[in-house]
Amino acid sequence: MMRRWKRTTWIVGFSLIALFIIAPSGPAWSGAESPNAPANPQSSTLIEIFLAKERKPDLDALRKEFEALSVTRVNVQFFRLGHPPENFAIGPGTPAEIARLALRMANRYNDGVKYILAQYRFFPNHIAIGTSAFDEASQIPITPENVKRLADPSLTTEEFHALYRQLTGEDHRLPTYLDKPEKP
């Protein structure tokens, strides 16, 4: 019994050491500028978009629109049956120009945006459209008027993210699933 405990302790210890060595830390997690950050944030942005099967013919047009902003990391998956959730999520380090394009794509190819997801769940340069990875309790309803506010081209990146955090409630505190979301 003691031998098994020692082996488990060693495995857990080495796993934690590996985690701290491999995992990024500091400003990279917070979305702040780091010395190792790529010169072009668009090239490091990852966009995951989930679409209905009927949208397969639109794939080339969708990719070209993102490539026009130098976004090349676009992962597209198609639902076999039905339509994906009408949600939108954006990481805290994504440039506003790319976020607005992603909102337009969600409106055009995914039947609109009815829910947003909290930023703290995503990597800094990550956008998800129509993801089913989160349960309904974590989706925050958003009105069409607030979607238009987010799509405003006059917003800077900082203003865009401040508005997004306000709409998710993250500007006050991190949301919990015990709270009912406020109607936007």
Side-chain angles (χ1 to χ4, degrees), residues 30-31 41-42 44-56 58-59 61-79 82-177 179-184:
S30 65
Q42 284 92 330
S44 66
T45 301
L46 170 63
I47 299 177
E48 294 182 307
I49 185 167
F50 300 86
L51 300 171
K53 187 169 57 172
E54 300 86 43
R55 292 296 189 173
K56 279 189 180 183
D58 300 324
L59 182 59
L62 184 135
R63 286 190 187 273
K64 285 179 185 175
E65 288 196 53
F66 283 117
E67 287 173 1
L69 288 180
S70 301
V71 177
T72 56
R73 296 179 60 206
V74 179
N75 294 336
V76 181
Q77 295 182 29
F78 295 97
F79 272 51
H83 290 266
E86 296 167 348
N87 61 26
F88 180 80
I90 183 164
T94 306
E97 182 181 19
I98 295 174
R100 284 190 289 269
L101 174 60
L103 267 174
R104 286 193 304 271
M105 298 292 104
N107 280 320
R108 186 179 311 154
Y109 297 111
N110 195 32
D111 303 328
V113 176
K114 293 185 181 174
Y115 304 96
I116 55 177
L117 296 161
Q119 284 189 332
Y120 76 90
R121 297 178 166 276
F122 293 90
F123 289 107
N125 292 335
H126 183 208
I127 296 174
I129 300 170
T131 181
S132 60
F134 300 96
D135 64 359
E136 290 179 8
S138 64
Q139 299 187 65
I140 300 152
I142 185 169
T143 63
E145 294 79 25
N146 284 332
V147 172
K148 286 180 185 174
R149 287 175 57 199
L150 282 172
D152 182 2
S154 67
L155 293 176
T156 65
T157 297
E158 293 78 23
E159 293 169 338
F160 177 90
H161 288 288
L163 176 59
Y164 191 94
R165 284 189 299 274
Q166 177 193 1
L167 294 172
T168 62
E170 291 176 273
D171 60 340
H172 300 294
R173 61 182 171 77
L174 291 180
T176 68
Y177 299 113
D179 299 331
K180 289 187 177 183
E182 295 178 19
K183 297 286 182 190

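Formation of a donor-acceptor pair under 3.5 Å by the Asn87 side chain with backbone atoms of Ile116 is not found in this model. No donor-acceptor pair under 3.5 Å is formed between the side chain of Arg165 and the backbone N or O of Pro92.
Residues Ile98 and Ile47 form a side-chain contact, since some pair of their non-hydrogen atoms from C-beta on lies under 4.5 Å apart. Between Val74 and Leu62 the shortest side-chain heavy-atom distance falls below 4.5 Å. You'll find the side chain of Ser138 reaches within 4.5 Å of the side chain of Asp135, heavy atoms only. Within the 4.5 Å cutoff, the side chain of Ile140 has no heavy atoms near those of the Leu167 side chain. Residues Phe122 and Ile90 fail the side-chain proximity criterion, which asks for heavy atoms closer than 4.5 Å. Residues Glu159 and Leu163 fail the side-chain proximity criterion, which asks for heavy atoms closer than 4.5 Å. Side-chain contact between Ile142 and Lys114 is absent, with no heavy atoms from C-beta onward closer than 4.5 Å. Side-chain contact check for Arg63 versus Val76: some heavy-atom pair is nearer than 4.5 Å.
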Exercise. Dump the intermediate steps for side-chain contact (heavy atoms from CB on, under 4.5 Å) on Leu51 and Asp58, then the final yes or no.
Key: CA-CA 10 Å; Leu51 300 171; Asp58 300 324; over 6 Å; no

Quiz item: How far apart are the C-alpha atoms of Phe160 and Asp152, what are their side-chain angles, what is the distance that settles it, and do they pass the side-chain contact (heavy atoms from CB on, under 4.5 Å) test?
Solution: CA-CA 9 Å; Phe160 177 90; Asp152 182 2; over 6 Å; no

Practice problem: Begin with the C-alpha distance, continue with both residues' side-chain angles, and end with the deciding distance and a verdict on side-chain contact (heavy atoms from CB on, under 4.5 Å) for Arg73 and Thr45. | Solution: CA-CA 6 Å; Arg73 296 179 60 206; Thr45 301; over 6 Å; no

Exercise. Check step by step if side-chain contact (heavy atoms from CB on, under 4.5 Å) holds for Gln119 and Thr168.
Key: CA-CA 8 Å; Gln119 284 189 332; Thr168 62; 5.9 Å; no

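One finds the CZ atom of Arg149 at 5.5 Å from the CD atom of Gln166 (value rounded to the nearest 0.5 Å). Considering CG of Leu59 and NZ of Lys64, their distance stands at 10.5 Å, rounded to 0.5 Å. Taking CG of Leu150 as the start and CG of Leu103 as the end, the distance is 6.0 Å to the nearest 0.5 Å. Here the straight-line distance linking atom CG of Asn110 with atom CZ of Arg55 works out to 8.5 Å at 0.5 Å rounding. Atom NZ of residue Lys53 and atom CD of residue Gln77 lie 15.5 Å apart, to the nearest 0.5 angstrom. Rounded to the nearest 0.5 Å, atoms CD1 (Ile49) and CZ (Phe88) are 9.5 Å apart.
Scanning all heavy atoms of the two residues, the minimum distance from Phe66 to Met105 falls at CZ-CG, 3.5 Å. In terms of heavy atoms, His161 sits closest to Gly91 at CE1-O, 3.1 Å. Heavy-atom minimum distance, Pro84 versus Ala52: CD-N, 3.6 Å.
Residue Glu54 places its CD atom among more than 12 non-hydrogen atoms of other residues, nucleotides or ligands, all under 6.0 Å distant. Residue Phe79 places its CZ atom among more than 12 non-hydrogen atoms of other residues, nucleotides or ligands, all under 6.0 Å distant.
A donor-acceptor pair shorter than 3.5 Å cannot be found between the side chains of Asn107 and Arg104.
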